[in-house]
Amino acid sequence: MLRFNILGGLEVRHDGVDFAPTAPKVRAVLALLLLRANQTVSQDAIFHWLWGDRPPRSAATTTQTYIYQLRNLFERVGATGPSGQLLLTRPAGYRLSVREDQLDATVFARLCREGDSLLDQGRAAEAVQVLRRALSMWRGSVLDDVSVGAWASAEVTHLTELQMRALELRIEADARLGRHRELITELRALVAVHPLNEWLHAYLISSLNRCGRRAEALSAYQSLRQTLADELGLEPTPELQDLQRQVLNGADARLLVPAG
């Protein structure tokens, strides 16, 4: 079965071989169709994606050539979609019709939902396994070897935010399993990359405190407070301020894990 991967570089894999087109604009058209899989993508959207506000007079003909090359690629490997043909022509444009298990982004989204549901059911150990599997699908940033323009920013942002959500759910699941010591190193690295993410800081403070490293927990809070003041002129949220008070008061550590 043909599989498409966009959670990293663009891949079109069949029997373990990558058949992704090499021509930059053909790759760009395929990338847009995959970001909007099972939706009709208008010709105008493709024109803007490829040439911005100045499409050439030959834009329609050139786009048809790119679509023809993609169809040849799919036919060469014997690929079909849910209803037969994989790449369909519609009155308003083109539609790439793929099954859920053919596109890594849709498989990732399904695993995220499963992990979230398992965590809601109190099945943290199973949630960790599912969410780790989901996160392992990422090989880099979305379509990191394709020039992605503003037209796709919403789709790319959605996937990136879903990746962060999956990571937060997995951290919460690990915390529920009492793996605070193991989380500390990871959380320190994450807050260095995402210094304004108060959720990550809250889990770092909580994990440090749960491991008896109270002074470090308070230092982590002060570091966040200083960053927020310098960057945004803000104080930490009331929830984080309450977390600090609980650390100062030596409150029962079980109260310190913030809600995800």
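Along the sequence shown, residues are numbered consecutively beginning with 1.
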Testing the basics here: between Ile205 and Ala217, what is the closest heavy-atom pair and its distance to 0.1 Å?
O-CB, 3.5 Å
Heavy-atom closest contact (Leu169 atom, Cys112 atom, distance):
CD1-O, 4.3 Å
Kindly list each side-chain donor-acceptor pair under 3.5 angstrom involving residues 7-14, sequence neighbours excluded, with atom names and distances?
from: Glu11; atom 1: OE1; to: Asn5; atom 2: ND2; distance (Å): 2.8
from: Arg13; atom 1: NH2; to: Gly16; atom 2: O; distance (Å): 2.9
from: His14; atom 1: NE2; to: Val77; atom 2: O; distance (Å): 3.4

Out of curiosity, does Leu234 fall in the hydrophobic cluster containing Leu243 (side-chain heavy atoms, cut-off under 4.5 Å, transitive links)?
yes
Taking [X] first and then [Y], would you say they form a salt bridge - that is, a charged N and a carboxylate O separated by under 4.0 Å?
X: Glu182; Y: Arg179; result: no
X: Glu198; Y: Arg225; result: no
X: Arg27; Y: Asp145; result: yes
X: Glu172; Y: Arg176; result: yes

Sub-3.5 Å donor-acceptor pair from the side chain of [X] to the main-chain atoms of [Y], do we have one?
X: Ser206; Y: Ala202; answer: no
X: Trp49; Y: Ala28; answer: yes
X: Thr157; Y: Ala154; answer: no
X: Thr65; Y: Thr61; answer: yes
X: Ser136; Y: Arg133; answer: yes
X: Asn38; Y: Arg95; answer: no
X: Ser141; Y: Asp144; answer: no

Is a side-chain donor-acceptor pair under 3.5 Å present for Arg214 with Ser219?
no
For atom CZ of Arg139, is the number of surrounding heavy atoms from other residues, nucleotides or ligands below 6.0 Å larger than 12?
yes
Val41 vs Leu35, side chain to side chain contact (heavy atoms under 4.5 Å, CB included): CA-CA, chis, key distance, verdict
CA-CA 10 Å; Val41 180; Leu35 283 170; over 6 Å; no
Please table the atom pairs, donor to acceptor, closer than 3.5 Å between any side-chain atom in residues 118-128 and protein atoms at least two apart or in another chain.
from: Gln121; atom 1: OE1; to: Arg123; atom 2: NH1; distance (Å): 2.7
from: Gln121; atom 1: NE2; to: Ser117; atom 2: O; distance (Å): 3.3
from: Gln121; atom 1: NE2; to: Ser117; atom 2: OG; distance (Å): 2.9
from: Arg123; atom 1: NE; to: Glu126; atom 2: OE2; distance (Å): 2.9
from: Arg123; atom 1: NH2; to: Glu126; atom 2: OE1; distance (Å): 2.8

Going by heavy atoms in the side chains, are Glu186 and Tyr203 under 4.5 Å from each other?
no
Note, Arg76 side chain near Leu73 side chain (heavy atom, < 4.5 Å)
yes
Check the pair Thr89 / Arg71 against side chain to side chain donor-acceptor pair (under 3.5 Å), numbers first and verdict last.
CA-CA 11 Å; Thr89 300; Arg71 284 198 174 116; 2.6 Å; yes
Using the test side-chain hydrogen bond (donor to acceptor under 3.5 Å, both in side chains), find all partners of Arg110 that sit at least two apart in sequence or belong to another chain.
Glu100, Glu114
